[in-house]
Amino acid sequence: MPCSDTRSFSRSRRLIYSVIITLILLTLLETALYLFGVSSLLTDSDPFVGFSSKSPLFIRQKNPNGEDQAQLSPAKKSWFNPVNFPVIKQPDSYRIFCMGGSTTFGRPYDQRTAFCGWLQAFLHQIAGHIDWQVINLGGVSYASYRVAAMMQELGNYQPDLFIAYIGHNEFLEERSYRDIAKMPEWLRDFNLELSRSRIYSVMKRSLDALKSSSKKNTGTSLDSEVKDLLSSTVGPQSYQRDDEHAAAVVAHYRYNLKRIIRMARSFGSDIVLVKPASRLRDESPFKSEHRDALNNIELQRWNERYQLGLHSLNSGDNHKALEYFEQALQLDDRYAELHYQHGRALFALQRYPQARIAFQRSIDEDIAPLRMTSSLQMTLAKVATETQTTLVDFPSLLARLSQQRLGHDLPAAEMFLDHVHPTIESHKMLALELIETLRGKGIIGPNDRLSEADIIQVSDRIQASLDPQIQQQSLLNLAKVLGWSGKLEQAHALLLRSQQEFGDSQQTLHLLSMSFERRGDIKQAIDYAQQAVEHYPDHFYSRYSLAIILQQNQQADAAIAAYRAALDLKPESIVTHEKLVYLLIDQGRRSE
């Protein structure tokens with residue numbers, strides 16, 4: 001027996017030695033690969049999609065003092081705010097990268113009024129002894145996979161903290177998924193953990209190189225910059241319902257969030273996630289489709305209930321409207337616009353919790369989901385819990401503020417400019433919430449607190465830095481985008497808001513005239529067109545637009561006079577001559 005025990009102990013000892021030696025060799029190999037500059041798949045690979053090229057986000061240039069500065073690459077200027085910061089971070093500096101899409105960017109304005117602009121201003125106000133570098137890297141239309149793709153480069157610039165506001169743009173670009181999207185969640189997570197190893201990364205790249213391109217997991221190769229479905233097609237109508245694809249998008253989002261968090265921590269940085277907010281009330285879905293297998297009889301009955309509900313709602317009979325909408329829901333509960341109208345009826349009856357559910361369901365059933373869906377929200381919360389990452393709940397913050405100010409938790413134009421972009425005031429409130437988050441993390445001292453006077457002083461300073469004309473133009477541009485995407489009511493409300501906040505301009509009056517005409521209010525359309533002519537008598541397009549509206553509404557003599565006044569300003573306009581000629585012919589005035 002002693003001899004057997006000795007042999008067993010010897011085998012165990014050899015096994016332990018073998019494991020130790022193997023681990024040492026693997027560690028040495030991993031270290032050698034690191035020293036030779038081999039990157040891990042964690043930082044430069046996405047198994048869901050690939051990128052046809054990876055142009056750098058920054059270029060390096062010397063400032064007048066000979067110091068290296070990181071500046072935004074000219075190739076990126078259409079998607080990002082201007083960026084300029086020292087490559088080498090000084091000991092008294094604290095560097096924060098804000099990442100995300102157009103909300104992080106500050107659309108429709110710029111970085112000064114975005115939450116990260118407010119955050120920097122507040123940090124300097126309460127702790128000016130620190131060189132706070134809050135760098136806005138919000139990319140217009142950027143989704144999680146594009147944020148993840150730029151993380152590797154950011155690791156070269158000594159980040160202390162990342163703030164990620166990601167979730168609205170996940171469905172914006174067209175892409176397809178193959179086997180990777182069908183993998184079990186645990187297997188994708190295991191692959192993510194292995195991707196941190198350079199040894200595994202070298203082996204994986206070698207195996208992929210042996211495979212034919214048709215057998216790679218990547219289903220889509222995306223361009224280096226965004227080509228979204230809206231701008232490259234006729235708008236929301238390009239989208240089609242695809243539940244399987246939607247599930248794959250959610251899986252990809254989850255993977256990207258985890259990858260972003262892992263990368264941040266691999267740089268020795270902290271990270272804060274922000275749950276994106278969107279407008280629920282007074283914001284109809286972009287596109288609706290009926291459920292599959294809805295036959296003609298059911299469709300006819302559904303349409304009857306739906307139209308009766310709309311008529312009742314517009315007539316102020318909210319109880320009857322609710323009854324009709326709920327009957328329609330029993331026939332088809334996948335039509336996004338129905339959920340939206342159902343929410344309107346519930347809101348009118350002050351049944352706010354049920355209205356919130358209905359409005360959120362209209363987002364989830366939207367065929368063009370340009371607002372964060374419930375599945376994406378739940379994924380974000382789950383990832384934050386699993387990875388023990390701080391999550392700032394922006395929608396709940398706005399809901400609480402709305403409850404205090406309005407008596408309900410469903411803000412609309414009070415806190416949003418459109419379906420996803422918050423007002424300047426809402427950005428400020430998010431920045432104040434982030435200040436408290438940073439204090440909780442010990443990044444800000446317990447005594448570094450903002451007084452009411454501090455907040456007013458920062459607000460006045462930021463407001464003084466803004467150009468009202470540029471702000472107005474930004475709102476008008478946003479209104480034009482909303483009109484193009486079919487959001488006529490929201491576009492009209494934004495035009496009125498622009499007029500109220502910034503007064504009349506030629507473009508404001510012109511766009512309001514067109515908007516009233518689309519709404520069928522011809523009297524108002526003509527009135528605004530005439531105001532544009534009165535305020536801007538030397539502006540050709542004001543007179544030309546007035547002539548068009550008058551002609552389309554059978555006011556021939558006035559239209560002829562307006563065309564002639566326009567030609568006095570621009571006699572070379574061939575189109576105006578043609579319209580005048582055909583109108584004169586129609587009126588039997590051929591000699592003229």
Side-chain angles (χ1 to χ4, degrees), residues 81-82 92-94 96 98 100 103-136 138 161 163 165 272 274 277 279 392-409 411-418 421-475 478 494 497-503:
N81 284 292
D92 65 341
S93 298
Y94 192 91
I96 302 173
C98 296
T103 296
T104 305
F105 179 99
R107 281 289 178 94
Y109 308 120
D110 59 32
Q111 58 189 338
R112 288 171 295 179
T113 56
F115 66 84
C116 30
W118 283 102
L119 178 62
Q120 170 143 333
F122 286 140
L123 287 170
H124 280 294
Q125 185 75 13
I126 60 175
H129 59 285
I130 298 174
D131 175 28
W132 298 101
Q133 298 175 5
V134 184
I135 300 162
N136 188 322
L161 174 68
I163 299 175
Y165 187 114
V272 170
V274 180
R279 178 165 153 173
V392 174
D393 193 337
F394 189 30
S396 294
L397 169 64
L398 295 183
R400 290 195 303 272
L401 292 172
S402 177
Q403 187 69 52
Q404 295 167 9
R405 300 172 184 178
L406 306 173
H408 61 75
D409 63 352
E414 304 87 3
M415 296 181 184
F416 291 95
L417 294 172
D418 62 6
H421 295 114
T423 62
I424 294 175
E425 177 70 15
S426 296
H427 274 285
K428 180 174 80 172
M429 300 313 296
L430 175 55
L432 290 170
E433 186 76 4
L434 286 169
I435 289 287
E436 295 307 310
T437 302
L438 299 190
R439 180 175 290 108
K441 286 179 166 289
I443 297 170
I444 303 173
N447 297 322
D448 294 330
R449 296 188 177 274
L450 285 163
S451 66
E452 285 299 320
D454 287 328
I455 295 172
I456 292 171
Q457 186 176 343
V458 169
S459 299
D460 289 344
R461 192 162 61 241
I462 288 179
Q463 188 62 45
S465 72
L466 305 177
D467 184 333
Q469 288 187 332
I470 294 177
Q471 281 188 282
Q472 183 180 37
Q473 188 59 53
S474 298
L475 282 182
L478 180 57
L494 207 57
R497 182 179 195 145
S498 172
Q499 184 188 35
Q500 180 180 2
E501 293 184 10
F502 301 105

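Just so you know, these numbers use all the heavy atoms, side chains as well, and skip hydrogens, waters and symmetry mates. Since the model is a prediction, treat every value here as computed from it, not as a measurement.
Remark: I163 CD1 to L434 CG distance equals 5.0 Å, nearest 0.5 Å. Between atom CG of residue N81 and atom SG of residue C116 there is a gap of 8.0 Å, rounded to the nearest 0.5 Å. To the nearest 0.5 angstrom, I96 atom CD1 is 6.5 Å from I443 atom CD1. Rounding to the nearest 0.5 Å places CZ of R497 at 9.0 Å from CZ of F502. Considering CZ of R449 and CD1 of I444, their distance stands at 9.5 Å, rounded to 0.5 Å. In this structure, NE2 on H421 lies 13.0 Å from CZ on R279, to the nearest 0.5 angstrom.
When every heavy atom of S402 is checked against every heavy atom of H408, the shortest pair comes out as OG-O, 2.7 Å. Here the shortest heavy-atom pairing between A121 and R461 reads O-NH2, 4.1 Å. Taking all atoms of both residues into account, the shortest heavy-atom contact from I462 to L466 is O-CG, 3.3 Å. Closest approach of A413 and T423 over heavy atoms only: O-CG2, 4.2 Å. Taking every heavy atom of both residues into account, M415 and L398 meet most closely at SD-O, 3.7 Å. For A277 against F394, the heavy-atom pair with the smallest separation is CB-CD2, 3.6 Å.
Between P411 and R405, the closest side-chain pair of non-hydrogen atoms is not below 4.5 Å. Taking the side chain as every heavy atom from C-beta outward, L430 and W118 never approach each other to under 4.5 Å. At a threshold of 4.5 Å between non-hydrogen side-chain atoms, the residues L417 and Y109 count as touching. Within the 4.5 Å cutoff, the side chain of V392 has no heavy atoms near those of the Y165 side chain. By the 4.5 Å heavy-atom criterion applied to side chains, C98 and I135 are not counted as neighbours. Residues E433 and D393 form no side-chain contact, since every pair of their non-hydrogen atoms from C-beta on lies 4.5 Å or further apart. Side-chain contact check for V458 versus H124: every heavy-atom pair is 4.5 Å or farther apart. A heavy-atom distance below 4.5 Å is not found between the side chains of Q472 and P468.
Under the 30°/60° scheme for interplanar angles, the aromatic rings of F115 and H427 are found to lie parallel.
Judged by distance alone, the side chains of D409 and Q403 never bring a donor and an acceptor atom under 3.5 Å apart.
In terms of modelled atom types and a separation under 3.5 Å, the side chain of W132 and the main chain of F122 share no donor-acceptor contact.
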